Structures are given as C-alpha cells and as structure tokens.
S.K.: 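Before we start, here is the structure in question, set down as structure tokens.
By convention in this document, chain letters (A, B, ...) are assigned in the order of the sequence lines, proteins followed by strands, and residues within each chain are numbered from 1. Just so it is clear, the structure is predicted and the values come from calculations on it, not from any experiment.
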2 protein chains.
Amino acid sequence: MPAAQLASVFAALGDETRWEILARLGAAPASASALAAGFPISRQAIVKHLDVLQEAGLVEAARRGREVRYSVLGGRLSSLGRDLERLGSAWDRRLSSIKQLAESDQ
Amino acid sequence: MPAAQLASVFAALGDETRWEILARLGAAPASASALAAGFPISRQAIVKHLDVLQEAGLVEAARRGREVRYSVLGGRLSSLGRDLERLGSAWDRRLSSIKQLAESDQ
DNA sequence: ACCTTCTGCAACTTATGGGTTGCACTAGGC
DNA sequence: GCCTAGTGCAACCCATAAGTTGCAGAAGGT
C-alpha cells in the first residue's frame, strides 16, 4: 500500500469521535440520525465523520428506504493491522542487524 | 488501550510526511538535520514531526555528542497492528451474526 | 581560541479539519 | 394529499496543525 493512502486511512482513525462512531457501528449498524442521537454534536458533524470513514474504506453505506444505514467494515481494519504488524517487525529486524554491525565495527 | 490514546497515535500516523520520515528511519537511524536534507521542508518542520512521532511512541531519540539520533520503534507499530487485527475481526464476527439474526427473522 | 555544525526556542502565517446553522428535498405512514 | 422523519447541500466560524524565519546556545574539529 502506498504511503499516501496509508496516511489518509490513519488520518481517518486519528479522531476520538470517529472511534466512538466505529465502536457503535461495531455493535450494530445504524443511520446517521440514530447515531447523532447518542452524541453531543449535530447530525451534520456525524455525517462528515461518516464520509471520512467511508472514504477510508472503514465503513459502508446502504440506502434502506428513506434512511441510509452504515455498517463497519472490519475486514479493512484487520488487513490494515496485519500490514502494520509486518512493517513494524521488518523495521525492528533491520534495526537490530544495524546494531550488530555497529558493535562488530568498534 | 483506551480510545483516546489510540486516536492520538493514529493522528501521528495520519500525515504523509511522517510516513516518509518513518520509512527513512526504518532504513537507518538519523538526525533531524540529516533527515531534513532529503525533504523539501525546513529542519524545524522535521523536528516538529519527530516530536509528534516521539510523543506517540513510534520513534526514539538518543543524544550522541552534538547530534540527536532518532530511530524507529517497530515494536510499537507491531503491537498496534495486532490490536487492530483483533478489533476488526471481532466487528466482522458480530456483523455476520447480526445478519444471521436478520435473515432468520424475516 | 576559533569556526562550523547541529540543536533549541519563539513568534508568526496559513491551510485545513471539526463543528454549526439554515434551508431544500425525498420517501414512508396515515 | 398531508405530515413527519431522514437525508443532502452550502456557507460560515474557530481552533489547531503544518510550515516558515530568525536568532541564540552547545558541542566537536583543527
């Protein structure tokens, strides 16, 4: 995954309110209005957050009659997690091999 | 990990420049000035990014003579990745069980 | 001692992200 | 056909994050 897209997904995850939204959608799908009822901010603010989450591929929208029902896409988060895990351990391995070189060099 | 801290770490990861910095530090530790030479922005800007990354626990600073050498903390990223993976699959499991309920209900 | 290199601090500009309000539109329920 | 609940769009504040410049201080090389 290119760094540009990585950054935008994490930017989406870099907001406390959006995590709360994800948590509630993780419990059960809901509409923007239904969500807004449980938050101290306006429905429009919630919609903006949902747009960001949808753009990042973390949430899915489905029109159902006159309401739009949002649900969380856990798979996206899982694969992201696996990517991070790989990246982190790769860096750790490289760092320790560099340290070995430095020690054998003195 | 509480959602508040999660968000701040991801906010740190939500910037393209910081990903580039992490990538270079992942290749080899470096000082702020050395890093800045490879970027189109000022050293001060790099320092600010490094501060954010350090605050998030993604990077470590070590004074070495007159320079400060930064290195990436891959372990932090790995454990974060594992957390995400768990969370995502938990949501997916719950979502599919809700769907089953909905289908048996019609 | 002197010069150079790297760091640290502070003030400032600018862009963007989170939030608001107001209004128009659409789709179900009765 | 009318009312209501839910959505969509647009303009607008306000705080903060990204970046800049300028200068002062500390540490290594010669």
S.K.: Given atom CZ of A/R69 and atom C1' of D/dG6, what is their separation to the nearest angstrom?
M.R.: 13 Å
S.K.: Taking the side chain as everything from C-beta on, heavy atoms only, tell me whether A/L77 gets closer than 4.5 Å to B/E85.
M.R.: no
S.K.: How would you list, by chain and number, every residue that makes a side-chain hydrogen bond (donor to acceptor under 3.5 Å, both in side chains) with A/R94, sequence neighbours excluded?
M.R.: none
S.K.: Can we say B/E67 and B/R69 salt-bridge, meaning some charged N sits less than 4.0 Å from an Asp/Glu carboxylate O?
M.R.: yes
S.K.: Mark yes or no for whether A/W19, through its side chain, and A/L13, through its backbone, hold a donor-acceptor pair below 3.5 Å.
M.R.: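 Yes: the side chain of A/W19 pairs with the backbone of A/L13.
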S.K.: Could you check if a side-chain atom of B/L58 sits within less than 4.5 angstrom of a side-chain atom of B/V72, using non-hydrogen atoms only?
M.R.: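 Answer no - side chains too far apart.
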S.K.: What range of DNA chain C does chain A touch, first nucleotide to last, counting atoms under 4.0 Å from its heavy atoms?
M.R.: C/dG18 to C/dG28
S.K.: Ion pair present between A/R86 and A/D83, side-chain N to carboxylate O less than 4.0 angstrom?
M.R.: yes
S.K.: Does the side chain of A/V59 reach to within under 4.5 Å of the side chain of A/I21, using non-hydrogen atoms?
M.R.: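 Of all side-chain heavy-atom pairs linking A/I21 with A/V59, none is under 4.5 Å.
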S.K.: Which distance, rounded to the nearest 0.5 Å, do you find between the OG1 of B/T17 and the NZ of B/K48?
M.R.: 13.0 Å
S.K.: What one-letter contact string describes nucleotides 18-30 of chain D from 5' to 3', where B marks a base within less than 4.0 Å of any protein heavy atom, S marks contact via sugar-phosphate atoms alone, and - marks no contact?
M.R.: SBBBB----BB--
